[in-house]
Amino acid sequence: MHFVVGSTGKVGRNVVSGLASRGLKVRALARRPDEAGLPPGVEVAPGDLSDPGSLSELAQGCESAFLVWPFLSGDGAEAVVAALAGAVPRVVYLSAQPAGERPESFWAQVERAVEGSAREWTMLRPTGFAANTLGWAGQIRESGVVRWVYGQAARSLIHERDIADVAVRALTEPGHHGRRYVLSGPAAITQIDQVHAIGAAIGRPLRWEEVPAGQVEDQLAGIPAGALKTWASFVDAPEVVTQTVAEVTGTPARSYAQWARDHAGDFAV
């Protein structure tokens, strides 16, 4: 049995599916089990991260736990991680690439909690999520124009399924303890080219319109501090590209164009 926190999120849902497709038993944590929509045979347990004691009970007897921390602060992470680590021998945490550069970040705070409590641990440090570009869907459907900042910023966005594929390996196979995997897509492409890839996927020409950074600050609620500065840096120094997905899974990372084709329905009118 494997325990999955964040089972209805973009990555967690694919982790659940990946484990289930291997014939493995999965216990998935969900705040609203009736709405989870997870594969048949998956045990869906009601609960959330606000009750560490219940997490310990739910994870008891499981071989591993996949942890997503959905908050922009590390407050409370130590109690949650201690509960999981006391119940399972292995914790795989979905962190982020900036954790290695920003020790004050919530990603790094949760990593320290995991490293300090779990008997075996693996940190997944993806670069930008391709799925974050779903934020453009409304503009694309309405006008075919994406108005945003730093069109020349080149990002190595990663498909959520690639993150999940690595997570499934780390949860179920030996040899991943103590590893911090920086995961990326196969290439860094500009945001303008991302928009064009979406256009190709939906069969509709799309256009980018550059917006001054000062005009979007009020739209960044729920986005980690420093995001604008980070995007600006990718104009001159593209986001890092790694081969880790291929090294761990044996299959090259999916391209952004593939991600756009997989999500064409989210952008189509």
Side-chain angles (χ1 to χ4, degrees), residues 10-11 94-102 105 107-108 123-140 143-166 180-217 219-220 222-249 251-264 266-267:
K10 294 179 177 66
V11 176
L94 178 57
S95 184
Q97 187 266 333
E101 304 163 357
R102 303 177 191 168
S105 67
W107 297 298
M123 313 301 183
L124 307 184
R125 292 177 170 179
T127 56
F129 283 25
N132 288 343
T133 58
L134 289 169
W136 296 334
Q139 295 186 67
I140 288 172
S143 67
V145 179
V146 172
R147 298 173 178 86
W148 196 239
V149 294
Y150 305 121
Q152 292 297 334
R155 306 211 60 184
S156 54
L157 300 181
I158 184 168
H159 199 304
E160 60 272 13
R161 288 176 60 192
D162 285 323
I163 303 171
D165 288 348
V166 174
R180 295 178 173 87
Y181 289 130
V182 177
L183 309 174
S184 80
I189 66 171
T190 68
Q191 294 196 104
I192 293 172
D193 286 339
Q194 292 161 32
V195 170
H196 292 161
I198 295 169
I202 65 176
R204 178 186 176 198
L206 304 177
R207 183 167 58 86
W208 176 276
E209 184 175 301
E210 189 75 17
V211 174
Q215 293 185 18
V216 302
E217 291 179 353
Q219 302 177 43
L220 300 180
I223 296 177
L228 277 179
K229 183 178 180 181
T230 299
W231 292 333
S233 72
F234 294 144
V235 173
D236 296 317
E239 193 168 30
V240 63
V241 175
T242 74
Q243 301 303 314
T244 310
V245 170
E247 292 166 0
V248 174
T249 69
T251 302
R254 298 168 175 88
S255 67
Y256 183 81
Q258 178 63 59
W259 179 90
R261 290 191 291 272
D262 290 344
H263 290 270
D266 296 312
F267 296 98

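- Taking every heavy atom of both residues into account, A99 and A108 meet most closely at O-CB, 3.8 Å.
- Under 3.5 Å, the side chains of T230 and R102 contain a donor-acceptor pair of N or O atoms.
- Taking the six-membered ring for Trp, W231 and F234 have ring centres at least 6.0 Å apart.
- Within a 6.0 Å radius of CD in E209, other residues, nucleotides and ligands contribute more than 12 heavy atoms.
- Within the 4.5 Å cutoff, the side chain of D165 has no heavy atoms near those of the T251 side chain.
- Using a 4.5 Å heavy-atom threshold, the side chains of R155 and T133 count as separate.
- Remark: A200 pairs with no residue by the side-chain contact (heavy atoms from CB on, under 4.5 Å) rule, at least two apart or across chains.
- Distance check: Q191 CD to Q152 CD gives 9.5 Å after rounding to the nearest 0.5 Å.
- Shown here are the side-chain contact (heavy atoms from CB on, under 4.5 Å) partners of N132, two or more places apart in sequence or in another chain: F129.
- Heavy-atom minimum distance, W136 versus F267: C-CE2, 4.5 Å.
- For the atom pair CZ of R161 and NZ of K10, the computed distance is 15.5 Å after rounding to the nearest 0.5 Å.
- Here D266 pairs with nothing under the salt bridge (Lys or Arg N to Asp or Glu O under 4.0 Å) rule; sequence neighbours left out.
- Atom-to-atom distance recorded for H263:NE2 and I202:CD1 is 14.0 Å, nearest 0.5 angstrom.
- With a 4.5 Å cut-off on side-chain heavy atoms, V146 and Q194 do not count as touching.
- Considering all non-hydrogen atoms of both residues, A257 and A197 come closest at CA-CB, 4.4 Å.
- A heavy-atom distance below 4.5 Å is not found between the side chains of P186 and V245.
- Heavy-atom minimum distance, V240 versus S184: O-CB, 3.7 Å.
- Distance check, rounded to the nearest 0.5 Å: CD of E101 to CZ of R125 gives 9.0 Å.
- In this structure, I140 CD1 and R204 CZ are separated by 8.0 Å, a value rounded to the nearest 0.5 Å.
- When all heavy atoms of T244 and V182 are compared, the closest pair comes out as OG1-O, 2.9 Å.
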Quiz item: T249 and E247: side-chain contact (heavy atoms from CB on, under 4.5 Å), yes or no, with the steps?
Solution: CA-CA 6 Å; T249 69; E247 292 166 0; over 6 Å; no

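- Distance CZ/R254 to CD1/I158: 9.5 Å, rounded to 0.5 Å.
- Side-chain atoms of I198 and Y256, non-hydrogen and from C-beta on, do get closer than 4.5 Å to each other.
- For A164 against V11, the heavy-atom pair with the smallest separation is CB-O, 4.0 Å.
- Side-chain contact of W107 with Q97: a donor-acceptor pair under 3.5 Å is absent, judged by distance alone.
- A perpendicular orientation is assigned to the rings of H159 and W259, their planes being inclined by more than 60° (bins at 30° and 60°).
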